[in-house]
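Please read the structure below before turning to the comments.
In what follows, every heavy atom counts, from backbone to side chain, and hydrogens, waters and symmetry copies are set aside. Below, read A as the first sequence line, B as the second, and so on, with proteins coming before strands; counting in each chain starts at 1.
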There are 2 protein chains.
Amino acid sequence: MEKQTITIYDVAREANVSMATVSRVVNGNPNVKPATRKKVLDVIDELDYRPNAVARGLASKKTTTVGVIIPDVTNLYFASLARGIDDIATMYKYNIILANSDQNNHKEIQVLNTLLSKQVDGILYMGNNLTPELRAEIVRSKTPIVLAGTIDSDHVVASVNIDYKVATQEAVQKLIENGHKKIAFVTPSLKNTFATDLRLDGYKEALAVAKIDYNEKFVYEIPLTYQAGEALADKLLHAGITAAVVTDDEAAVGLLNGLYDHGVNVPKDFEVISSHNSKLTKMTRPTLTTIAPPLYDIGAVAMRLLTKIMNKEEIVDAEITLPYKIEYRQTTK
Amino acid sequence: MEKQTITIYDVAREANVSMATVSRVVNGNPNVKPATRKKVLDVIDELDYRPNAVARGLASKKTTTVGVIIPDVTNLYFASLARGIDDIATMYKYNIILANSDQNNHKEIQVLNTLLSKQVDGILYMGNNLTPELRAEIVRSKTPIVLAGTIDSDHVVASVNIDYKVATQEAVQKLIENGHKKIAFVTPSLKNTFATDLRLDGYKEALAVAKIDYNEKFVYEIPLTYQAGEALADKLLHAGITAAVVTDDEAAVGLLNGLYDHGVNVPKDFEVISSHNSKLTKMTRPTLTTIAPPLYDIGAVAMRLLTKIMNKEEIVDAEITLPYKIEYRQTTK
DNA sequence: CTGTTAGCGCATTCAA
DNA sequence: TTGAATGCGCTAACAG
C-alpha cells in the first residue's frame, strides 16, 4: 500500500550485476559492455525503475535544480522571463524551484536561505534591484547566480539585460522629435532600484541633447500598478504634460486608460511609450508603443549563462547586454 | 574555495552533544532540556549551520516540495492560481517545483516523471483536462495530487473549481435577458477538455430555459489566444451574432478589440462576457464583464487541500466547489 | 532527556 | 569491463 520503491539494488539483482554497473548505465558511463548495458536497460524497463533524484543529489552533491526568485509570477514581465528560463532549464535537464519574493527584502533573504538549504545548483534572480545584503549572502554561499533583467550596480554578479539607458534615451528622443517639451518620466521609487537610475540617465541625456532643461517635477515616482497609472493621468494633465515614458506596462496601460477616461486623444494630444512589450501592450486600443526588450530571450540567455557557470565553463562576458527594439505602435505619432 | 559544508556533526561536536540532539532541536522536538537547546542553538548560529534538505529528504522520505504542472506561466489565469498556490505552500513550509507543460500530453507525462524522480511530496495539476494516461501514471505512483481549476470527469482525483455550468448558464441568461437571440459560445476544442463540456451544458441550459433553439453553428472552437479572438470578430459579425460568452480572457480581449476595429459599439450593438476575471478584464476599454472565479483562492485552497492529503488528514470532500461571482462591467448593458 | 546505531538510494573511488 | 566498499548528511528507532 505504501509508495513503491524500486531501488538500484533491485535492478542490480534482477540483472545479475552490481549496483555500480547499474549506476553506470543510468548515468551513461561508456565503460559498460553493450550486452550488459542492454540487459540492465531491459530490467530497468521491466521494473519501471526511476532513479531517486534525492539520493543522487546527496551522493553527487548536484541536484539539477535551480532556484528562481521572482517578484510576482502574476506580473507579465517577470512571467515572460520565467518562461524563457524554464524552457532552457528543461533543455539542460534542470528543474526550477520558483519562489515569489514580492520585492520584499526580508522575504528575499528568507527565500534564498530555503533555496540554499535545498542545495540548488544555481540561482536566477529577478527583481528591480539586488540589495547588498542579499548579494552578500549569495556570494558567501558560493552558489552560482545570474540576474535576469536586473542590474548589479557593482558589476560583480553575472547578469543579462538590455541597455536601459540608451533605450530610454531613444524613446524620449522620439517624443522630443514629435514636438514635446514637457515629457513625464514615470518610474518606481528612485531610492532602491538601479536600472531606474540608468533609465533616468537616458531620460536626462535625451533632454540634454535637445537642449531642454531637466525638470525634476516631471519625474513621477509611483507604484508600478495599473491603478497608480490610471490615477496618474489627472496629475500629468494638470501639469501640462503632453507625453510620457513609463517603465512598466501595467502602469502604462493604466495611464492610457486614465487619459481615455479624461477624454484625451492619444496620440494626437498625448503620447505614451511603455517599456516592456509584454502581451498587454498589444491588447490596448490604441496599441502601446513600447521599448521592446527580448523578454523570453533575457530569461533564456540568463539560464544558459547559469548552466555555463554551474558547469565551470570559461565565461567570456558575465554581463550580457541583449539588443532591444522600439515597437512603434499607436500611442505615438 | 569549495562550498562550505557545515554538517550536523560539526555543531554536535562544538556543542558537546550528539548529532541526535542537534537533529532534535533543529526539528523542534520538545524532548530537549532548555539549557542544551540553547547551547545548540547558539552553536548553530555561530557556525551559521543550515540543514541539508537533500539529506533530510533521503532520510525522512519527505522533501517538503510539491510539483506544480502549469500550461504556461505567461497565462494570467494560471499564473494567478500559481500565486495562490505558492503563498499557501510557503505558509506550510513547502517549496514549489514549477513545470510548464504547454498542455502537451507528451510533455506532461515527461514532466510528471521528473517530478516523481525528485520525490515531490505532492502534485498540483493545472490544465484544461486531465488525460486518462496522466491520471493513470499519477495514481500508480501513489503521490497525492490535487487539480486546481481543472475537472476530473471521473471524480477520482481531488480538485478545486467553481461550478462552470451554472456560471456559464447565468452569464448566457443575462445576455438573453438583454434581448439577445444569437449568442456565440467561444471555447477551445470540445474534444478534450472536460470543463468545456460543463460550460457548454450551461450554455444550452440557459437557451433551453428561454426556449431558444440551440444552434451548434454558434459554438466557436478556437485556440484561446488574443489573435484568435481578434480574428473571430469578423465571423461573428457575419453570422449576425450580437453577443458572446468567451471562456478565456485573452481571447475575449481579442474579440473586443476585433469588434472595436470593425467599428462596432460595445455594449450597445454587441455584448461580451468573459470567464476568468484576470487583470486583463479591467484593462480594456470598455472594461470586460466576466464570470469571476476566485483565482487566487482556487490555487490557495487547492494547495491547502494538498497539504491535508499529504498529511493524511481526514478529507471530508475532495471535490471542492468555490463560489464565483459575475462582475458586471462595461461590455454588457 | 540524551546517545548509539542503522540505514535512506545512490555515486564514486579502488581493486580486480 | 565489473564489483566491493565507503560515505553523502540526516532521521528514526532503540537503548539507556
Side-chain angles (χ1 to χ4, degrees), chain A residues 2-41 43-44 47-65 93 114 116-121 141, chain B residues 2-41 43-44 47-65 93 114 116-121 141:
Chain A
E2 272 311 292
K3 291 175 69 170
Q4 55 157 1
T5 295
I6 295 181
T7 76
I8 200 171
Y9 282 106
D10 300 318
V11 353
R13 182 167 17 80
E14 286 301 307
N16 292 312
V17 296
S18 73
M19 55 178 292
T21 300
V22 177
S23 178
R24 287 192 186 94
V25 347
V26 167
N27 290 301
N29 185 317
N31 291 13
V32 181
K33 203 188 338 177
T36 67
R37 175 186 302 282
K38 180 178 183 336
K39 186 171 55 177
V40 171
L41 250 18
V43 174
I44 285 179
L47 264 45
D48 197 35
Y49 166 70
R50 183 188 293 122
N52 181 325
V54 174
R56 206 190 271 216
L58 185 59
S60 71
K61 294 177 173 299
K62 282 185 178 43
T63 54
T64 63
T65 107
K93 310 288 186 199
T114 97
L116 293 178
S117 81
K118 297 248 166 159
Q119 314 300 119
V120 294
D121 295 337
S141 78
Chain B
E2 272 312 289
K3 291 175 71 171
Q4 56 157 354
T5 294
I6 295 180
T7 75
I8 200 170
Y9 283 105
D10 299 319
V11 355
R13 182 168 15 82
E14 285 302 305
N16 292 313
V17 297
S18 71
M19 54 179 294
T21 299
V22 177
S23 177
R24 286 192 187 93
V25 345
V26 166
N27 291 299
N29 185 317
N31 291 11
V32 181
K33 203 191 335 180
T36 66
R37 174 186 304 281
K38 180 178 183 336
K39 186 172 54 178
V40 171
L41 251 18
V43 173
I44 285 179
L47 265 46
D48 196 35
Y49 165 71
R50 183 188 293 121
N52 180 325
V54 174
R56 203 190 274 214
L58 185 59
S60 70
K61 295 177 172 298
K62 282 185 179 46
T63 54
T64 63
T65 108
K93 311 287 186 198
T114 98
L116 293 178
S117 80
K118 297 249 164 155
Q119 315 300 117
V120 295
D121 294 337
S141 78

Summarise how protein sits on nucleotides 1-10 of chain C as a single string, 5' to 3': B when a protein heavy atom is under 4.0 Å from the base, S for sugar-phosphate-only contact, - for no contact. SBBB--BBBB
By side chain to side chain contact (heavy atoms under 4.5 Å, CB included), which residues pair with [X], not counting sequence neighbours?
| X | answer |
| --- | --- |
| B:Thr63 | A:Val54, B:Thr65, B:Gln119, B:Asp121 |
| A:Ala59 | none |
| A:Ser60 | A:Lys62 |

Checking A:Thr36 now: which residues fulfil side-chain hydrogen bond (donor to acceptor under 3.5 Å, both in side chains) with it, not counting sequence neighbours?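 Counting only residues at least two positions away or on another chain, A:Thr36 forms no side-chain hydrogen bond (donor to acceptor under 3.5 Å, both in side chains).
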side-chain hydrogen bond (donor to acceptor under 3.5 Å, both in side chains) against A:Lys39, all qualifying residues, sequence neighbours excluded: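 For A:Lys39, no residue satisfies side-chain hydrogen bond (donor to acceptor under 3.5 Å, both in side chains) once neighbours in sequence are set aside.
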Qualifying residues under salt bridge (charged side-chain N to carboxylate O under 4.0 Å, His left out), relative to A:Lys38, sequence neighbours excluded: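 Testing A:Lys38 for salt bridge (charged side-chain N to carboxylate O under 4.0 Å, His left out), a comparison that skips the adjacent residues, returns A:Asp42.
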Quantify the bending of the helix from C:dC1-D:dG16 to C:dA16-D:dT1 as the angle between its end axes, each fitted on five pairs, to 10°.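 About 30°, once rounded to a multiple of 10°.
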Would you mind listing every salt bridge (Lys or Arg N to Asp or Glu O under 4.0 Å) that reaches into residues 9-37 of chain B, with sequence neighbours excluded?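 Found B:Asp10-B:Arg13.
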